[in-house]
Protein chains: 2
Amino acid sequence: MDTEARAAVLKRSAFFHGLNAAIVDKIAAAALERLLKPNETLFQQGDPSTHHYIVAWGRLRLDQTTPDGKNIVLRFMGPGDLVGSVAVFRSIPYPATPTAVEETRVFQWTSDRMNELMSEYPVLAAKAMAMMGGRIGELQERLQQISTQQVERRIAAAILRIVAQSGRKTDVGVEIPFPLSRQDLAEMTGTTLHTVSRTLSAWIDEGVLEGKRSSHLVVLKPHRLMQIAEQA
Amino acid sequence: MDTEARAAVLKRSAFFHGLNAAIVDKIAAAALERLLKPNETLFQQGDPSTHHYIVAWGRLRLDQTTPDGKNIVLRFMGPGDLVGSVAVFRSIPYPATPTAVEETRVFQWTSDRMNELMSEYPVLAAKAMAMMGGRIGELQERLQQISTQQVERRIAAAILRIVAQSGRKTDVGVEIPFPLSRQDLAEMTGTTLHTVSRTLSAWIDEGVLEGKRSSHLVVLKPHRLMQIAEQA
DNA sequence: CGTGTACTTGAGGGAGTTCAAAAATTGTGG
DNA sequence: CCACAATTTTTGAACTCCCTCAAGTACACG
């Protein structure tokens with residue numbers, strides 16, 4: 001990818017959106033790139049945090065492994081999302097592992113380089129705070145859901161969250177444009193793949209969803225899912 | 001409280017720690033104060049976010065109410081903690097309600113005033129990011145715990161977290177220096193007060209804890225609690 | 001003291017996990 | 001292109017942790 005193409009991607013990201021075009025060009029020129037194949041990891045949980053990344057295209061799944069070997073999915077990251085920055089700002093090792101779920105291209109900057117950029121363009125600090133604030137809001141929402149809601153509602157909410165972040169409208173409904181396994185959904189909602197499987201089967205029977213293994217999930221009746229997610 | 005006393009408090013807070021003394025004095029002079037009696041709220045969830053606050057002394061419980069009337073405790077805030085800032089930075093209504101659990105004094109600054117301070121002293125932006133990063137880390141930890149661990153471990157972890165943030169060593173153990181009900185613990189760990197009550201009763205029998213209603217909880221055997229929290 | 005609030009304790013039930021196995025789908029190598 | 005292996009998904013059955021429901025108890029505060 002050349003600098004111009006990179007700049008075009010960055011201009012669309014929330015982080016750099018609205019910056020003067022010349023500045024974005026300069027930032028784009030300072031970036032290095034990396035291309036990940038499916039199941040490749042960008043870095044490992046526990047590695048020293050050295051770089052900021054932005055997803056150009058593709059999709060990453062952010063996993064956290066517990067000391068006793070269990071796994072949770074913190075979130076999926078798509079084009080424009082910042083990866084690794086929170087750890088770099090805190091000067092702590094990366095707390096999770098980003099894995100490509102499809103071919104994915106990312107841009108990267110060293111911590112020092114990004115610090116220079118941020119002191120040169122203070123608006124970037126505000127953008128970073130907005131990003132972190134959004135992350136906090138999302139985590140609080142999930143904590144509330146998992147604390148108070150039944151499994152079915154949590155699964156519905158998880159699917160709707162992904163749809164809101166990455167959904168693509170088709171003629172029959174909304175498609176989740178990357179592979180999403182029952183295991184992934186289980187690790188996003190704090191349940192087991194068995195329960196997810198049973199729940200999705202019921203929804204497929206009901207005509208709310210469609211999509212089998214390795215074909216992308218399609219939500220046929222988003223309204224019905226919202227109803228399930230919000231039922232008192 | 002006079003400006004000098006306020007400045008002394010601010011210098012001890014993580015947010016202003018390390019700043020030039022003259023600057024902190026100026027910031028302290030710009031603050032207004034508010035004194036809350038037990039059960040008074042600083043603001044209400046849903047109110048427009050207009051001010052940043054810092055706890056001078058006392059203790060706040062940060063509650064979030066769900067649309068269907070359930071309640072969760074996001075965290076307790078003590079001296080030096082920033083309250084409300086995340087919402088102000090995001091320009092969204094306060095997402096939760098801080099309630100005093102004991103007599104509490106806070107300082108406050110308007111959003112505009114804080115923006116001036118932050119552009120005048122850019123290091124404050126870095127401090128704010130560190131604070132938000134810490135909040136993200138704490139939320140991710142809790143999400144992981146509630147997703148993968150049994151209730152007993154979560155309750156132990158919640159108590160240990162409070163002990164780490166606010167514990168006071170005494171001759172017999174570590175005291176939690178503010179009233180903490182079973183209901184509070186239940187709303188922190190995503191369980192019911194019944195289960196918390198049973199669990200604490202068992203621990204009191206075992207000699208791990210002590211403290212009845214409205215007297216402060218004392219952890220007699222922190223090591224034992226850590227063992228429970230970390231058991232595979 | 002009396003009333004309200006917090007806490008304790010018991011019994012029963014149910015949502016969801018765990019264990020187990022089969023079925024479906026994808027990938028692979030001849 | 002087909003057979004076989006690997007992986008994901010489905011489904012069944014039993015169990016269990018924890019919630020729900022229901023009283024009763026103890027403590028604090030007016």
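Note that the coordinates shown come from a computational prediction; the quantities given were computed from them, not determined experimentally. Below, all heavy atoms of this structure are taken into account, side chains as well, without hydrogens, waters or symmetry copies. Labels below follow one simple rule: chain letters A, B, ... track the order of the sequence lines, proteins then strands, and each chain is numbered from 1.
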Note to self: Is any side-chain heavy atom of B:Pro98 closer than 4.5 Å to one of B:Arg61?
What the structure shows: no

Next item on the list: Using atom CD of A:Gln149 as one end and atom C1' of C:dG16 as the other, report the distance to the nearest whole Å.
Entry: 16 Å

Margin query: Quick check on the 6.0 Å ring-centre criterion: do B:Phe89 and B:His52 meet it?
Written below: yes

Notebook entry, point to check: Between B:Glu33 and B:Arg6, is the closest basic N to carboxylate O distance under 4.0 Å?
Noted result: yes

Check: B:Leu209 CG to C:dT8 P: how many Å, rounded?
Finding: 11 Å

Notebook entry, point to check: Side chains of A:Ser166 and A:Arg59: do they bring a donor and an acceptor to under 3.5 Å?
Noted result: yes

Checklist line | Rounded distance in Å - CG (A:Asn39) to P (C:dT26) | finding: 16 Å

Notebook entry, point to check: In whole angstroms, how far is the P atom of D:dC17 from the CD1 atom of B:Ile155?
Noted result: 15 Å

Notebook entry, point to check: Under 4.0 Å between a side-chain N or O of B:Arg182 and OP1 or OP2 of C:dT8?
Noted result: yes

Notebook entry, point to check: Looking just at side-chain N and O atoms, do A:Gln145 and A:Thr148 make a donor-acceptor pair shorter than 3.5 Å?
Noted result: no

Next item on the list: Return the value, rounded to whole Å, for the distance between atom CG of A:Leu217 and atom C1' of D:dT8.
Entry: 14 Å

Check: For the helix from C:dC1-D:dG30 to C:dG30-D:dC1, how many degrees between its two end axes (five pairs per end), to the nearest 10°?
Finding: 40°

Check: Could you state the interatomic distance from CD (A:Glu138) to CD (A:Gln165), rounded to the nearest 0.5 Å?
Finding: 5.0 Å

Margin query: Under 3.5 Å, is there a donor on one side chain and an acceptor on the other for A:Gln183 and A:Glu187?
Written below: yes

Notebook entry, point to check: Rounding to a whole Å, what distance do you find between B:Ile146:CD1 and C:dG16:P?
Noted result: 14 Å

Notebook entry, point to check: B:Arg153 has an atom CZ; how far is it from atom C1' of D:dC17, in whole Å?
Noted result: 15 Å

Notebook entry, point to check: What integer distance in Å separates A:Glu152:CD from C:dT17:P?
Noted result: 13 Å

Checklist line | Ion pair B:Arg224/B:Glu206, N-O distance below 4.0 Å | finding: yes

Next item on the list: Specify the residues of residues 190-203 of chain B, ordered by number, for which at least one heavy atom lies under 4.0 angstrom from an atom of DNA chain D.
Entry: B:Gly190, B:Thr191, B:Thr192, B:His194, B:Thr195, B:Arg198

Notebook entry, point to check: Of A:Ser215 and A:Gln150, whose nearest nucleotide on DNA chain C comes first from the 5' end?
Noted result: A:Gln150

Next item on the list: Would you mind reporting whether A:Asp81 and A:Tyr53 have side-chain heavy atoms less than 4.5 Å apart?
Entry: no

